Amino acid sequence: MKILGVNLKDLIPEKAKQEIDLKALKGYTVALDGYNMLYQFLAAIRQPDGTPLIDSKGNITSHISGLFYRTINLIEEGVKPIYVFDGKPPEMKKKEIEDRINRRQQYAEKYQKAKQEGKIEEAKKYAQASTSLSNKMVEDAKQLLTYMGIPWVQAPADGEAQAAYMAKKGDVYATGSQDYDSLLFGSPKLLRNLAITGKRKLPNKEEYIEIKPELINLNDMLKALEITREQLIVIGILLGTDFNPDGFKGYGPKTALKYVKEHRDPIKALSSLKVNDEDIDIMKIYEYFLNPPSNPNYKIEWRDPNEEKIIDMLVREHDFNDDRVKKALERLKKSFKESVKSKQARLDNWF
DNA sequence: CAATATTA
DNA sequence: TAATATTGG
């Protein structure tokens with residue numbers, strides 16, 4: 001799965017991350033990046049040749065299937081998910097969004113070609129790379145979550161920024177996404193690998209590795225690297241963000257870290273950089289990560305699942321199997337009572 | 001990805 | 001019963 005935001009992967013010190021069991025999150029509330037989760041479902045839930053799940057009317061349903069079953073499994077493990085959805089992207093993201101659409105279009109063409117030629121594995125690879133979420137799909141997800149009684153929050157802009165805000169405030173234990181942006185936004189804890197579980201095939205090998213949830217602690221990270229969050233944002237800008245996708249030539253994790261340490265003051269570090277593209281304002285990007293738009297007036301409310309509506313949507317509208325859905329609903333109701341609704345749910349504690 | 005069916 | 005393959009929509 002390609003990382004779309006800032007790629008901090010090689011910068012995270014071993015000390016700041018740990019593999020955890022889903023069970024370790026029992027009782028905790030997490031703010032999940034809705035767009036990121038849906039994207040992963042849509043990319044992953046496909047037939048060997050790349051065809052997604054489709055209902056009799058031709059609507060893609062992979063995202064709904066993934067969201068439905070994965071959310072129930074999380075709740076069954078005692079995790080309390082809240083989904084956060086992106087709002088309007090900032091103007092400076094425009095170029096990256098356009099580029100993404102173009103890239104996906106190219107992959108979509110390659111997908112069709114490979115499929116026609118009967119190259120199954122290649123077709124799937126391109127199908128996944130061409131994955132794009134429509135507004136309709138996001139609306140589907142919001143509707144299903146509402147019926148399921150799972151809270152979701154509309155972010156004014158970046159969903160990861162909103163999730164980070166909620167985590168900083170202490171309303172949620174951690175943010176959940178495959179991307180690292182929420183760390184720049186100041187989320188104290190980031191959970192990765194929450195949408196994907198179990199075994200994953202190693203590229204080009206017939207080997208499978210176990211994917212486990214990964215918890216990254218921002219404070220531990222900053223401490224180990226001996227930098228501040230402000231300096232981390234500068235590193236992000238050097239490596240490349242959604243607002244300056246190419247980053248700065250010659251800067252990888254090592255040199256970027258060295259650079260911010262040498263300059264100490266993040267503002268001075270930024271102003272010493274020469275930007276070739278006049279459309280890119282790195283000081284504005286810095287400000288955006290440091291203080292992004294977020295909505296303080298959200299409410300987190302769990303409701304009893306509306307079985308009728310769920311069956312209506314999944315079975316009648318989208319041809320899901322009646323027995324399967326009902327069986328999953330039973331699990332949802334049962335675990336709802338056990339964890340989500342229990343009054344004495346453990347207090348989220350952090351240190 | 002997750003649920004179910006098939007097999008060893 | 002547990003590991004592996006297939007289907008789901």
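Quick caveat, the model's predicted, so the values are computed rather than measured. Just so it is clear, the values below take in all heavy atoms, side chains as well, and ignore hydrogens, waters and symmetry mates. Note on naming: letters A, B, ... go to the chains in the order of the sequence lines (proteins, then strands), and numbering restarts at 1 for each one.
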Practice task
Determine which pairs satisfy side-chain hydrogen bond (donor to acceptor under 3.5 Å, both in side chains) with at least one residue from residues 314-327 of chain A, sequence neighbours left out, and list them in order.
Solution key: A/D55-A/H318, A/S56-A/D319, A/D312-A/R316, A/D322-A/K326
Problem - A/K23 and A/E77 ion-paired at < 4.0 Å - result: yes
Problem - Whole angstrom value for the distance that separates C1' of B/dA3 from CD of A/E76 - result: 13 Å
Practice task
Figure out the CZ/P separation between A/R331 and B/dA2, and round it to whole Å.
Solution key: 10 Å
Problem - Cationic N near anionic O, under 4.0 Å, A/E338 to A/K334 - result: yes
Problem - Cation-pi, A/Y28 ring and A/K80 (6.0 angstrom, 45 degrees) - result: no
Practice task
Indicate, with a heavy-atom threshold strictly under 4.0 Å, whether A/A195 touches base, sugar-phosphate, or nothing.
Solution key: sugar-phosphate
Completion exercise
Whole-Å distance, A/M37 CE to B/dA2 C1', equals 13 Å
Completion exercise
Rounded to whole Å, the CG-P distance (A/D323 to B/dA5) equals 10 Å
Exercise for the section: Using the side chain to side chain donor-acceptor pair (under 3.5 Å) rule, pick out the option among A/Q178, A/K212, A/E214 that qualifies with A/N193. Expected result: A/Q178
Exercise for the section: Take the protein atom CD1 of A/I64 and the nucleotide atom P of B/dC1, then report the distance between them rounded to whole Å. Expected result: 19 Å
Fill in the blank from the handout: A/L22 atom CG is separated from B/dC1 atom C1', nearest whole Å, by 14 Å
Quick test: give all pairs of protein nitrogen or oxygen and nucleotides 6-9 of chain C nitrogen or oxygen below 3.5 Å, distance rounded to 0.1 Å.
| from | atom 1 | to | atom 2 | distance (Å) |
| --- | --- | --- | --- | --- |
| C/dG9 | OP1 | A/N321 | N | 2.5 |
| C/dG9 | O3' | A/T61 | OG1 | 2.8 |
| C/dG9 | O3' | A/H318 | O | 2.8 |
| C/dG9 | O6 | A/Q47 | NE2 | 3.3 |
| C/dG9 | N1 | A/Q47 | NE2 | 3.0 |
| C/dG9 | N2 | A/P52 | O | 2.3 |
| C/dG9 | N2 | A/I54 | N | 3.1 |
| C/dG9 | N3 | A/I54 | N | 2.7 |
| C/dG9 | N3 | A/I54 | O | 3.3 |

Completion exercise
For A/I120, the other hydrophobic cluster members (4.5 Å side-chain criterion, sorted by chain and number) are none
Exercise for the section: Measure from CG on A/L194 to P on B/dA2 and round the result to the nearest Å. Expected result: 10 Å
Practice task
Indicate whether OP1 or OP2 belonging to B/dA3 is found under 4.0 Å from a side-chain N or O atom of A/N73.
Solution key: yes
